[in-house]
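Encoded as structure tokens, the structure appears first; notes follow it.
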There are 2 protein chains.
Amino acid sequence: MTKSAPAELKLREQVVLKLRELILGGELPAGQRVAEIPISERLGVSRTPVRQALTILAQEGLLSAAGKRGYVVHAFSAKDIIDAIEVRGILEGAAARLAAEAGPSEELLQALENCIADGAAIALQDHYGMDDDVRWVEINGRFHRLIVEASANMALISALALNNKLPFASAEAVLGGGTPSRQIARRHHEVLVRAHADHQKIVEAMRLRQGARVESLMQEHARLAEVNVTLFRPD
Amino acid sequence: MTKSAPAELKLREQVVLKLRELILGGELPAGQRVAEIPISERLGVSRTPVRQALTILAQEGLLSAAGKRGYVVHAFSAKDIIDAIEVRGILEGAAARLAAEAGPSEELLQALENCIADGAAIALQDHYGMDDDVRWVEINGRFHRLIVEASANMALISALALNNKLPFASAEAVLGGGTPSRQIARRHHEVLVRAHADHQKIVEAMRLRQGARVESLMQEHARLAEVNVTLFRPD
DNA sequence: TAATGCAATATTGGATCCAATAACCGGACT
DNA sequence: AGTCCGGTTATTGGATCCAATATTGCATTA
């Protein structure tokens with residue numbers, strides 16, 4: 001394991017991170033068996049942290065237990081991914097409704113407006129620059145996180161945290177993630193513009209405490225991420 | 001650890017079960033520090049499975065990391081519990097809606113009707129017998145499980161599985177769980193009758209594919225469990 | 001040639017061992 | 001008397017060791 005990050009991070013957590021990366025990045029393809037020894041050698045750690053990482057990833061659903069033969073990388077169908085996106089919509093929608101009904105604080109609204117201002121700088125320019133995606137992913141993540149946390153509902157926050165670990169399910173994954181070709185970039189821009197418009201309506205509804213409206217807006221907003229499935233997963 | 005159940009269960013899982021029991025049963029009170037060695041001695045196992053169990057329970061939210069001092073039992077406020085019940089309502093409501101919209105199979109409807117018939121035998125008698133609670137918990141659990149699985153949405157099922165591990169959050173916990181006094185028993189019966197009526201309406205709505213209706217019915221149905229909070233947690 | 005049984009091997013899972021380090025206690029100094 | 005410092009101890013976290021067991025490959029035989 002690269003000792004570059006002993007930074008306050010338990011070894012087992014570094015392994016979890018690394019393995020997630022390998023799985024989501026496709027280096028460990030679905031169905032691939034994951035044994036302790038090869039992984040521990042590959043990462044240069046002992047079997048102990050690897051074993052713990054495997055149980056954690058199994059809990060998250062990225063690995064499935066294969067009887068006495070350890071684990072295999074779980075195969076997610078296109079339906080599984082769409083379902084996870086739907087669940088995110090349900091949960092984030094509920095979060096937005098709860099926040100709206102509780103009466104959003106002025107700070108929250110201000111922070112959301114800031115996200116929108118930052119987002120506008122990217123979405124409303126005619127030229128879609130190099131690393132505009134990563135900037136937008138950051139802004140978008142901030143926007144969603146603010147709303148989820150504004151729900152002030154721990155169970156809801158935890159449920160979403162779990163869901164976000166599923167492939168393509170998190171809000172951060174709207175743009176897919178790979179290095180985009182020119183064609184993909186155009187698609188990115190389209191999605192991004194629509195997402196920005198959604199954000200505006202969501203904050204408006206939130207300000208007016210329109211709980212039901214903000215809930216359905218948020219649900220539909222999540223479905224923007226479905227384009228990735230058809231783009232990256234032709235099955 | 002009692003070797004009575006080496007039954008296909010990894011030691012670490014037995015430890016998880018046992019610790020959950022101790023925590024939810026109040027033997028490990030909130031705030032109590034949980035160190036590896038005392039637990040391993042108490043259960044008669046080595047530290048290895050205990051350590052793994054602790055990370056799992058931390059993932060579930062029952063323990064919280066306490067820096068370098070291991071873990072402590074997480075303290076759930078009354079609000080936390082009500083929030084978790086609300087989340088269950090949201091998720092089970094969504095599950096019911098999805099099942100209704102997809103068109104419930106005749107087998108599903110039949111199985112649900114069976115639950116209702118079994119439940120009627122308990123709810124509609126004038127005398128509320130000894131272990132009627134445990135029978136009803138079983139029937140109720142079956143009812144809810146059928147609907148959740150009928151959603152055929154793995155992400156949803158997983159999210160609910162996580163939520164159900166929080167104290168008092170699962171459908172099985174409607175009746176609280178302790179050995180009830182006579183007064184509590186009367187309260188039980190009231191709740192049970194209302195739950196039974198809810199179940200009937202839910203199946204009716206499901207049969208008619210009334211997605212929105214079954215969703216809100218299910219959400220409200222979950223809130224029946226809130227009585228336990230006021231009953232058992234005066235904070 | 002195919003099936004079967006035995007042996008060699010690979011692999012998991014738990015127990016133990018060791019190092020790092022943070023909390024704790026006591027004493028000395030201001 | 002209070003505070004700071006140093007040593008002792010407790011405790012986590014990773015590495016290694018060992019036992020149990022399933023899997024695989026090979027040889028033998030019908």
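So that the names make sense, note that chain A is the first sequence line, chain B the second, and so on, each numbered from 1. All values below were derived from every heavy atom in this structure, side-chain atoms included, with hydrogens, water molecules and symmetry-related copies excluded.
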Taking only the side-chain heavy atoms of B:E36 (C-beta and beyond), determine which of D:dT11, D:dG13, C:dG13 contains the nearest atom.
D:dG13
At less than 4.0 Å, is any side-chain N or O atom of B:Q52 found next to OP1 or OP2 of C:dG13? Yes or no.
no
Is there a side-chain contact between B:K10 and the phosphate of C:dG13, meaning an N or O under 4.0 Å from OP1 or OP2?
yes
Donor-acceptor pair present, A:R51 side chain and C:dG14 base, under 3.5 Å:
yes
Of all the heavy-atom pairs spanning B:A99 and B:A150, show the shortest one and how long it is.
CB-CB, 3.9 Å
Rounded to whole angstroms, how far apart are CG on B:L54 and P on D:dG14?
13 Å
Given C:dT12, C:dA22, D:dG13, the nucleotide with the shortest approach to the side chain of B:R47
D:dG13
In whole angstrom, what separates B:Y71's OH from D:dT11's P?
16 Å
Measure CG/A:L9 against P/D:dG13 and give the value in whole Å, please.
12 Å
Residue A:T48, side-chain heavy atoms: nucleotide from C:dA22, C:dC17, D:dA15 that is nearest:
D:dA15
For the pair made of CG in B:L11 and P in C:dT12, what is the distance, rounded to whole Å?
18 Å
Among C:dG13, C:dT16, D:dT16, the one nearest B:S46 by side-chain distance
C:dT16
Electrostatic pair B:E92:B:R145 at N-O distance under 4.0 angstrom:
no
Does a side-chain N or O of A:R69 approach OP1 or OP2 of C:dT12 to a distance below 4.0 Å, or not?
no
Note: A:D118-A:R142 ion pair, threshold 4.0 Å (strictly below)
yes
Given D:dA15, D:dT12, C:dA15, which nucleotide is nearest the side-chain atoms of A:V45?
D:dA15
Return the value, rounded to whole Å, for the distance between atom CD of B:E41 and atom C1' of C:dG14.
17 Å
State whether the distance check finds a donor on one side and an acceptor on the other, under 3.5 Å, for side chain B:R12 versus base C:dG14.
no
Would you say that more than 12 heavy atoms from the other residues, nucleotides or ligands in this model lie under 6.0 Å from the CZ of A:R69, or not?
no
Could you give the CD1-to-P distance, from A:I37 to D:dT16, as a whole number of Å?
12 Å
Value in whole Å for how far the C1' atom of C:dT12 lies from CG of A:L63:
15 Å
Parallel, tilted or perpendicular for B:H144 and B:H221, by the 30°/60° rule?
parallel
